[in-house]
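Presented below is the structure to which this report refers.
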Amino acid sequence: MVSCFEGEIFDPSLNMCRKGTGCLGCEKKIYDPNNCRGFFACDGKGKQRVWRSCSEDQIFDSVTSECVEMQPW
């Protein structure tokens, strides 16, 4: 979970906190560029982004914003 100071929000495009209120882009989940299973979603109150993870046999699909089964190559 990413915590920011009061009056700031986490901006996943910058990978840091910035001044603002509410949650950026709560209409969709944002992938974690450092973890193929990870993504950021707003908490239930829409106040901050929290890091979430797909199950072990899934990866996060940034096009559909959903966890999908890994496909063997």
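Here the structure is a predicted model, which means the values were calculated and not measured.
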From [X] [atom1] over to [Y] [atom2], what is the distance, rounded to the nearest 0.5 angstrom?
| X | Y | atom1 | atom2 | value |
| --- | --- | --- | --- | --- |
| Ser53 | Asn35 | OG | CG | 6.0 Å |
| Ser62 | Lys29 | OG | NZ | 12.5 Å |
| Asn34 | Trp51 | CG | CH2 | 10.5 Å |
| Arg52 | Asp32 | CZ | CG | 13.5 Å |
| Asp61 | Glu66 | CG | CD | 8.5 Å |

Quick one: does any side-chain atom of Arg37 pair with a main-chain N or O of Glu56 as donor and acceptor, under 3.5 Å?
yes

Let's go through Phe40 and Val50 carefully: what are the C-alpha distance in whole Å and the side-chain angles of both, what is the deciding distance for side-chain contact (heavy atoms from CB on, under 4.5 Å) to 0.1 Å, and is it a yes or a no?
CA-CA 5 Å; Phe40 296 95; Val50 291; over 6 Å; no

Worked verdict on Cys54 versus Phe39 for side-chain contact (heavy atoms from CB on, under 4.5 Å):
CA-CA 8 Å; Cys54 299; Phe39 59 93; 4.0 Å; yes

